[in-house]
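Contents: one structure, followed by commentary.
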Amino acid sequence: MTSRFLLIGSTQAYSGKSTATLGIAQQLQARQLRIGYGKPVGTERVTSDPVPLDADGQLAAQVLKLTPDCLAPTLVFWEDWLKQPDLLLQIAPLTEQLAQYQALTTPEVMLLEAPANLAEGHVFGLGLAQIAATLAAKIILVVRYQSLLLVDELLMAQAHLGERLIGVLLNAVPADQPVQDVVVPLLEQRGIAVLGVFPRSRLLRSVPVGELARHLQARVVCCPERMDLLVEHLSIGAMSVNAALDYFRQGVNMVVVTGSGRTDIQLAALEASTQCLVLTGPNPPSPLVLSRAEEMEVPILMVDMDTLTAVEIIERTFEQVRLREPVKIQYVQQMMAQYLDTERLLRRWGCPCPSG
């Protein structure tokens with residue numbers, strides 16, 4: 001059964017759903033399809049005029065150059081409800097509001113970004129399966145590869161979603177894992193079409209220095225104009241300087257976290273592929289370190305916390321990284337062109353590519 005709605009969901013948060021939605025949309029636009037976009041459940045409102053959207057929706061509208069008549073409004077922003085949780089007792093399912101997405105007739109097809117996982121949004125009647133049922137949408141799931149246990153995860157999702165599930169995308173797959181030889185054939189045997197296998201990317205996992213500074217609530221004491229530098233790897237400077245030299249040489253585009261009193265470690269880090277220094281503790285950086293950092297154009301962030309806490313915050317930031325930078329958007333387009341089986345997606349969706 002043909003549907004003009006394609007719902008891109010995930011089994012877990014931060015699996016690459018927003019990135020996949022944008023990349024699929026770019027591939028469909030390249031085939032001359034008129035695309036619409038919607039995200040029924042958003043995080044934090046960033047725009048209300050002319051259409052309520054969160055940050056993912058705003059980015060999609062900008063990158064895909066969508067006019068307001070191709071944008072479906074976000075119906076729920078979690079930030080609003082978390083501020084007044086008692087109002088959840090009064091909420092009624094938003095099924096009728098969701099059904100109004102059908103009124104967007106300018107787009108030939110509508111790509112909808114689902115909530116973070118299979119459960120989120122149910123309190124509003126906007127869980128992934130509920131959205132699919134209301135709009136008769138087809139579903140693609142994006143799964144970040146962590147282990148072979150994802151097979152069970154996807155089989156459970158298949159049992160839950162039924163024939164609406166037309167395929168899956170396996171994301172961030174390490175090169176040494178038996179995905180093509182074992183996981184893909186196993187899923188295909190069980191009736192789950194694998195529409196793309198995307199290798200792990202350091203670039204897509206990278207975080208701007210400015211984002212680290214925001215999450216750490218850091219003071220920028222050097223090179224504030226370099227907040228757009230991208231960090232790909234976390235290193236901790238808690239060893240002897242000789243060991244640190246060998247350790248840092250193995251990293252690429254690092255953020256190095258070390259004590260503010262470890263001038264020797266800081267100087268060693270500045271001789272390696274370091275994009276940012278995060279200094280913990282009360283001591284200001286030495287003039288020698290500041291001078292070398294300015295010369296190398298490496299930002300220095302000062303934080304009022306211990307090293308372990310700073311590392312935990314940075315690790316969470318890496319896990320929650322979002323697509324924003326133009327270089328990443330261009331890379332996603334290249335990755336989708338190479339690894340997404342767009343023709344098979346269209347066939348299973350029942351949405352043929354226009355001719356001519």
Side-chain angles (χ1 to χ4, degrees), residues 6-25 37-46 53-60 74-83 85 88 111-132 137 139-158 160-161 165 167-174 192 195-198 200-208 211-212 214-215 234 312-325 328 332 335:
L6 181 64
L7 186 57
I8 295 91
S10 307
T11 54
Q12 298 179 12
Y14 304 109
S15 294
K17 171 172 51 66
S18 299
T19 300
T21 303
L22 188 61
I24 291 170
Y37 170 91
K39 186 179 180 184
V41 180
T43 50
E44 182 178 4
R45 186 190 306 263
V46 297
L53 297 170
D54 72 353
D56 292 325
Q58 184 183 53
L59 180 70
T74 295
L75 303 176
V76 167
F77 295 94
W78 269 116
E79 281 291 315
D80 296 340
W81 292 93
L82 292 176
K83 293 173 184 175
L88 288 171
L111 298 187
L112 303 182
E113 188 173 337
N117 52 50
L118 300 183
E120 186 177 289
H122 270 71
V123 68
F124 307 107
L126 298 175
L128 184 144
Q130 294 168 314
I131 295 171
I139 300 169
I140 289 177
L141 291 180
V142 183
V143 182
R144 179 178 294 275
Y145 186 90
Q146 293 178 323
S147 74
L148 291 173
L149 294 176
L150 71 81
V151 174
D152 279 336
E153 192 175 326
L154 287 173
L155 289 173
M156 183 182 70
Q158 180 190 41
H160 178 60
L161 301 173
L165 178 63
V168 299
L169 305 179
L170 306 182
N171 192 28
V173 175
I192 299 176
L195 302 175
V197 177
F198 300 90
R200 177 180 289 173
S201 166
R202 290 189 313 189
L203 174 61
L204 292 183
R205 190 175 178 267
S206 64
V207 178
E211 190 75 1
L212 291 181
R214 183 174 68 85
H215 282 270
L234 169 63
E312 290 174 348
I313 292 173
I314 292 171
E315 287 178 337
R316 285 201 301 271
T317 304
F318 274 120
E319 291 171 359
Q320 300 173 9
V321 64
R322 292 188 178 276
L323 189 69
R324 291 290 180 270
E325 298 73 27
K328 291 186 181 181
V332 166
M335 289 270 287

List the residues meeting side chain to side chain contact (heavy atoms under 4.5 Å, CB included) with Asn117, not counting sequence neighbours, and say none if there are none. Ala119, Glu120

Donor-acceptor contact present, side-chain Thr74 to main-chain Val76, <3.5 Å: no

Using a strict threshold of under 4.0 Å (side-chain N to carboxylate O), is an ion pair present between Glu325 and Lys328? yes

For Leu148, side chain to side chain contact (heavy atoms under 4.5 Å, CB included) partners two or more places apart: Tyr145, Pro178, Val183

Working for side-chain contact (heavy atoms from CB on, under 4.5 Å), residues Ile24 and Leu111: CA-CA 9 Å; Ile24 291 170; Leu111 298 187; 4.1 Å; yes

May I ask you to test the Leu154-Val143 pair for a side-chain heavy-atom distance under 4.5 Å? yes

Side chains of Ile131 and Pro115: does their closest heavy-atom pair fall under 4.5 Å? yes

What I want to check is whether the side chains of Thr317 and Glu211 have a donor and an acceptor closer together than 3.5 Å. no

Checking Leu212 against Ile314 for the side-chain contact (heavy atoms from CB on, under 4.5 Å) test, could you report, in this order, the C-alpha distance in whole Å, the side-chain angles of both residues, the deciding distance, and whether it holds? CA-CA 7 Å; Leu212 291 181; Ile314 292 171; 4.0 Å; yes

Are any side-chain N or O atoms of Ser201 and backbone N or O atoms of Leu204, one a donor and one an acceptor, separated by less than 3.5 Å? yes

Pairwise side-chain contact, Val151 with Ile192, heavy-atom cut-off 4.5 Å (strictly under): no

Quick one: do Leu141 and Leu118 satisfy side-chain contact (heavy atoms from CB on, under 4.5 Å)? Show the steps, please. CA-CA 10 Å; Leu141 291 180; Leu118 300 183; 4.3 Å; yes

Just so I know, are the side chains of Phe198 and Val173 near enough to count as touching, which here means a heavy-atom distance under 4.5 Å? no

Check whether any side-chain heavy atom of Val168 lies under 4.5 Å from a side-chain heavy atom of Leu170, and answer yes or no. yes

Short question: side chain of Asp54, backbone of Arg45 - any donor-acceptor pair under 3.5 Å? no

Please check this pair: side chain of Arg205 against backbone of Phe318, looking for a donor-acceptor N/O pair closer than 3.5 Å. no

Output the distance between atom OH (Tyr37) and atom CG (Leu53), rounded to the nearest 0.5 Å. 7.5 Å

For the pair Gln130 (side chain) and Gly127 (backbone), establish whether a donor and an acceptor sit closer than 3.5 Å, ignoring hydrogens and angles. yes

Any side-chain heavy atom of Asn171 sitting closer than 4.5 Å to one from Thr19? no

Determine whether Leu155 and Gln158 make a side-chain contact, defined as any pair of heavy atoms from C-beta on separated by less than 4.5 Å. yes

Side chains of Ile140 and Leu169 in contact at under 4.5 Å (non-hydrogen atoms): yes

Short side-chain to backbone donor-acceptor contact, Ser15 and Lys17, under 3.5 Å: no

